[in-house]
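Okay, structure first, notes after.
Note that the structure is predicted; figures quoted are calculated from it, not measured. Heavy atoms only: backbone and side chains are in, while hydrogens, waters and symmetry mates are out.
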Protein chains: 2
Amino acid sequence: MKIGQATIKDIARELNISSSTVSRALKDYPGISDETKRKVKEVAEKLNYRPNAIALSLRKSRSFTIGVIIPEVVHFFFSTVISGIEEVASSRGYNVILSQTNESFAREKSSIDTMLSNQIDGFLVSFSKETTEFDHFSKLLDQSYPIVFFDRVPNIPNAISVMVDDYQGAYKATSHLISQGYTKISHLVGPPTLAISRERERGYRDSLANHGIQIYPELIIECAYGTSDEGFKVTEALLKNGKTFPDAIFANNDMAAVGAMLACRSMGIKVPDDIGIVGFSNWQFCSMIEPSLTSVSQPGFKIGETATQMLLDMIEKKLDPDSITAPIVLETELLVRKSSVK
Amino acid sequence: MKIGQATIKDIARELNISSSTVSRALKDYPGISDETKRKVKEVAEKLNYRPNAIALSLRKSRSFTIGVIIPEVVHFFFSTVISGIEEVASSRGYNVILSQTNESFAREKSSIDTMLSNQIDGFLVSFSKETTEFDHFSKLLDQSYPIVFFDRVPNIPNAISVMVDDYQGAYKATSHLISQGYTKISHLVGPPTLAISRERERGYRDSLANHGIQIYPELIIECAYGTSDEGFKVTEALLKNGKTFPDAIFANNDMAAVGAMLACRSMGIKVPDDIGIVGFSNWQFCSMIEPSLTSVSQPGFKIGETATQMLLDMIEKKLDPDSITAPIVLETELLVRKSSVK
DNA sequence: ACTTTTATTGCAATCGTTTGCGTTGACGAT
DNA sequence: ATCGTCAACGCAAACGATTGCAATAAAAGT
């Protein structure tokens, strides 16, 4: 804030009227003469007056700011969500303050603390991989502090959440592989702390079961970091030393899928002929690589939009949290590309 | 902000002392007895007291918040910069409020307005492609409002900026292609409104000139949106109808480079044998595609860090803006991969 | 000429915190 | 008995804007 910014008092002094009148004139309150309004607006213009939102916040106990807690910004899915959040928030006159936790629990808690100090009107949260205990959220929910969780959602009472149908996405992906004639399908599982990982695994298992295909536990491998390096190593190990040699890989995220693809290539295994591969998230690069990667696309932008709409509605009391009993679940779409088509 | 949050007054009432004493006790001011300090802190803990940063902002005329204006969030480079910004800001106790302009000039101006209303302490700006007139920034600079521009920097007096050595990056990329034996090198140019586009083109031209290689103006093609679709179309047109058939393409960004690569493939032209390709920015997918894409990497995280450090130093008067006369220029690195090696 | 209405504006409190200055009482020194 | 010193704390203004409740004067009604 620059000193010397004109305030309502400056306008009042200039016109020899009270600051109450100025305030009302600027807001076109009834009971202020047109003449005064005109003058006030004129002087406001002249002095380049800009209302002080901080003062307003203090007075109204509302900051018109929402806080976004996110694991990392440099991530296609999350940055897409942010984009949706920002869009809705700014169109409804709210600011967005952002904090990334880098998957750290401690950082998550401290971010929440400083945001609370800053009197934000509500939270949009996707928690960190380290977070296994949700007291810091429960406390806020108990005070009926508005929070909407997205993507990574906790299983605690009264939590409002917006998520993707991970189960359905994984089910579709696996079924697609089956329909292509693959039968020994490996699954690279995400961090078990996240419900999305468990849901995807469940979709994978159910699809196999419903198609009467045998489940090989040794083909289900944890791949918690979700980097392409990890995907590479895990796949390499699987192909070299695994008890059962897979003919397809369904990775819980695209980075891991690419790692798997690179591992196959490095071992002279052909994709999709020898091994079919499907990823999850539909990062931009999916259509750019060779062979292009089949992936489950998540409506990131829409998640951001929906979650923000709900949060703002709650803040503005247009939406009763108690009326929402189940998570909002958005559909996924399977984008079939070359990596999984024989 | 939830009503019912304990304030300093609540603590004061509980202990029958004045709020001044509470304030001072909490801050360990001298002149307050240890006994009182102990009690105050105890009650603060009990009431779950959290200082109201808004009130503090009003009092101090400082919000401890910086505003980031960015063209788009879903962009590898920019999201990486944000990450660097967030890191430094939060470690120094500042909040980050974010606004994306979606490359719109109007949006840029209105974002700045609302941020000013919110009394932010300073700006970090990368302006939109539509922005060709910089009065809205000049006015602020004249009031010595702290602003640091990054990546896309304006040519106006007193502007502090942090950028990448685009010239050098383009020069290195072009020289590399030349060293590989390519001679008819096409350049996909970025939006001419941005200095970074012009600098990259200059580096390209100078490299050719210094190596005594002919410049074909018809091989220099504008590719303003920088999408892979645009890169595809432009390249296809060039290869089909161009007066001169290129043997290499240096794209001003990676997306366009991928588009070019796909266009080559669709026409049966081999990369890198028939045509070498180099991109700019080093998006994550560069090493994941086949052939992997040679690219100029920009230190996005470092740009964010540096710009934020400078901004906060200016805000805290540790840095005199007048002492910075030239832009801070960070080095690029050419990452040679398969797409440009014969 | 009186009261009543109406239009226009001002006063002062409020939001939560900080801070310069004043107050109070205890204590020792003269 | 008087004074100065010191520790410990309270008063009140300030930051900028909003708002319920007067207040004032002019216009209207009787």
Judged by nearest nucleotide, the residue sitting upstream toward the 5' end of DNA chain C, Ala55(B) or Tyr29(B), is Ala55(B)
Counting just side-chain N and O atoms, does Ser23(A) come under 4.0 Å of either OP1 or OP2 of dT18(D)? yes
- For the side chain of Ser117(A) and the backbone of Pro51(B), is there at least one donor-acceptor N/O pair under 3.5 Å apart? yes
Out of dA17(D), dT18(D), dG16(C), minimum distance to the side chain of Lys60(A) belongs to dT18(D)
Ile8(B) atom CD1 is separated from dA14(D) atom P, nearest whole Å, by 20 Å
In B/S/- notation (B base, S sugar-phosphate only, - none; protein heavy atoms under 4.0 Å), nucleotides 6-11 of chain D written 5' to 3' is --BBBB
Residues passing the side chain to side chain contact (heavy atoms under 4.5 Å, CB included) test with Ser323(B), sequence neighbours excluded, are Leu319(B), Asp320(B)
Assess, by modelled atom type and distance only, whether the side chains of Gln100(B) and Arg107(B) contain a donor and an acceptor separated by less than 3.5 Å.
no
With a 3.5 Å cut-off and no angle check, do the side chains of Glu108(B) and Thr131(B) form a donor-acceptor pair?
yes
Next on the checklist: Taking Arg38(A) first and then Glu35(A), would you say they form a salt bridge - that is, a charged N and a carboxylate O separated by under 4.0 Å?
Outcome noted: yes
To the nearest angstrom, the CZ-C1' distance between Arg62(B) and dG16(D) comes to 18 Å
With Ser128(B) as partner, the option from Leu194(B), Asn102(B), Thr101(B) fulfilling side-chain contact (heavy atoms from CB on, under 4.5 Å) is Thr101(B)
- Query: Counting any heavy atom closer than 4.0 Å, what does Lys9(B) reach on the DNA or RNA strands: base, sugar-phosphate only, or nothing?
  - Reply: base
